[in-house]
Amino acid sequence: MSVETPTRPAAAPLPTYDATDLVGARLSAPRRYKNRVATACVWASVILALAPLALVIVLVVKNGLDAMGVEFFTGNIPSTRSAATGMGPAIVGTLIVTAAATVMAVPLGVLAAIYLSEYGRDGKVAATVRFLAGVMTGVPSIVMGLFVYTIWVLNFGQSAFAGALALACLMLPVVIRSGEEMLRLVPDDLRNASLALGTRKSRMIRTVVVPSALPGLTSGSLLAVARAAGETAPLLFTIGAIQTFNPNLFAGTNTVLPIQIYNGALSPFEGAHTRAWGAALALIAIVLVFTFAARLVTARLSTDRHR
Amino acid sequence: MTVPAALHVPPTEAPPTALATEGLGVYYGDWLAVDDITLQVPRHHITAFIGPSGCGKSTLLRCFNRMNDLIAGARVVGRVTYGDVDLYDDRIDPVQVRRRIGMVFQRPNPFPKSVYDNVAYGLRVHAMTEDLDDRVEDALRRAALWDDVKGALKKSALALSGGQQQRLCIARTIAVEPDIVLMDEPCSALDPIATGRIEDLMQELRRDYTILIVTHNMQQAARASDYAAFLTTEVDGDGDRRRGKLVEFAATNELFTHPQDPRTENYITGRFG
């Protein structure tokens, strides 16, 4: 007896799907039209948004390179008629003023953000601090300069430190608000995981919350630093004016790149214009280097670098 | 006819109690979420809390390591005792309680750190850092995860699969040598294979630990637990708010084969309503 081999049923004809409606080109005319308009608008917006940035960079680099040279970094700032390119004092001034402001504002701001996000939460004190930080964000920078002028400069005179104080006041609310946002993004699951192991809250915050939020905290602080580094108004009457190097943070008047840009641009002389462009290029470069360095450090410290 | 004394089955001695509650209730604000729970959790066994959603199983579980303290507005009444210690005594430090009574959560929640650092975290917190490598390895072995990760201890824990992450969380919990492990629906986010591995792991762990597990999966409770408590919700007398009540607490096979309360029977036979 032979084993009957099971026969396949006769192959049914393959269903032929009508796929024409799956093809994008078959969209109805109005939808196709809308799609094109929307795409065009989106592209136009991107170009419109990027154009100023590109123009600024191109112009600043093109014009600023004329001023670049050893003298730019080492020379004193010459008189406004001079064609010399020295800008060193303003570079040093910018570095020390911004650094001092960062050292004051970032730790304080991050600690305040930790308080708001981890301890104060929805309490009255936290709500008040949050409100005041909001108000502080809205204070015009020149008013911040006036404030420091009245409480510091009138008592102790102009100095890089006075300028740093004014910048720190500007940075503080930015650091607090962005920091709180970043800390709140850390999932409660992680907080609970840590606490359930018998960790004290302070240690939990140090070892879980802050490391998890570190990239965000850095971004927020960098925004504040970049903003402060480019400020002119609050420094006008807090750090004074000087044309020679003054690396002393606490004594003597000082100068920074934005002020030199302002002075140079207002001057009728060609050499001053060149110096202003050079100062602008140096300022952008400094902010860029800060940003890059901070990203690098964050990546190093980041808890999840193994991913 | 009298039964010869020799035929009397000696009463099985109740195992020693690890945790006990007496008239335990939990308020969220002025809402009593679970009410009047009295039970004894035996040592070195697996005790399951089953019941429908919202019956307060997780709330009850969190009373045992005082995680409810962290929820704004939560308040515990009644007594919870660990051995002969009242866990809600004023002198008790909840942070220390949580070291002895560990917890595994519903969603795997490894830290965004390496596998090694996840397990070492609690050990570092509690300064148990002598032979740190050995302790980490031991915890990972006991959590049946060592073979999966031994070559990748420095890799991010977030790269592990969900089931592996949950076993990592178990390893992290047992690394600090707790006495009791609370598990809050540890398998609800896992597939059946991963669930099976966690259940096998629980059987291994019950030799060393007392395990309390919350689950709404009755098969899991039947398969994996020695004792089971059935909780249900009751509509509040004067409102539409529901509160959790303990209906029945017994050895698991008793509870599933001879439920004493019709509500238990309805629930385990799928006629809950």
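Below, chains carry the letters A, B, ... as their sequence lines are ordered, and counting in each starts from 1. Please read these numbers as outputs of a predicted model, since none were measured by experiment.
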Inspect the surroundings of OH in Tyr119(A) and state if more than 12 heavy atoms from other residues, nucleotides or ligands are less than 6.0 Å away. yes
Pick one of side chain, backbone, both or neither for Arg66(B), based on which atoms fall under 4.5 Å of a heavy atom in chain A. neither
Check this for me: Arg107(B), atom CZ, are more than 12 non-hydrogen atoms of other residues, nucleotides or ligands nearer than 6.0 Å? no
Under 4.5 Å, heavy atom to heavy atom: which of residues 91-104 of chain B reach chain A? Give them by number, or say none. Asp93(B), Val95(B), Gln96(B), Arg98(B), Arg99(B), Ile101(B), Gly102(B), Met103(B)
Look up atom CD1 in Ile71(B) and atom CG in Asn192(A), then write down how far apart they are to the nearest 0.5 Å. 8.0 Å
Those residues that, when tested against Asp86(B), pass side chain to side chain donor-acceptor pair (under 3.5 Å) (two or more places apart): none
Which distance, rounded to the nearest 0.5 Å, do you find between the CZ of Phe105(B) and the CG of Asp189(A)? 8.0 Å
Just checking heavy atoms, which of residues 196-206 of chain A are less than 4.5 Å from chain B? Ala196(A), Leu197(A), Gly198(A), Thr199(A), Arg200(A), Arg203(A), Met204(A)
Is there a side-chain contact between Val208(A) and Tyr121(B) in this structure, where contact means two heavy atoms from C-beta onward sitting under 4.5 Å apart? yes
Considering all heavy atoms, the nearest Asn109(B)-Ala193(A) contact: ND2-CB, 3.3 Å
Using heavy atoms and a sub-4.5 Å threshold, report which of residues 125-134 of chain B line up against chain A, by residue number. Val125(B), His126(B)
Between Pro110(B) and chain A, with a heavy-atom cut-off of 4.5 Å, which part of the residue counts as in contact: side chain, backbone, both or neither? backbone
I need the Lys113(B) NZ to Ser212(A) OG distance, nearest 0.5 Å. 6.5 Å
Crowding at OH, Tyr28(B) (>12 non-hydrogen neighbours, <6.0 Å): yes
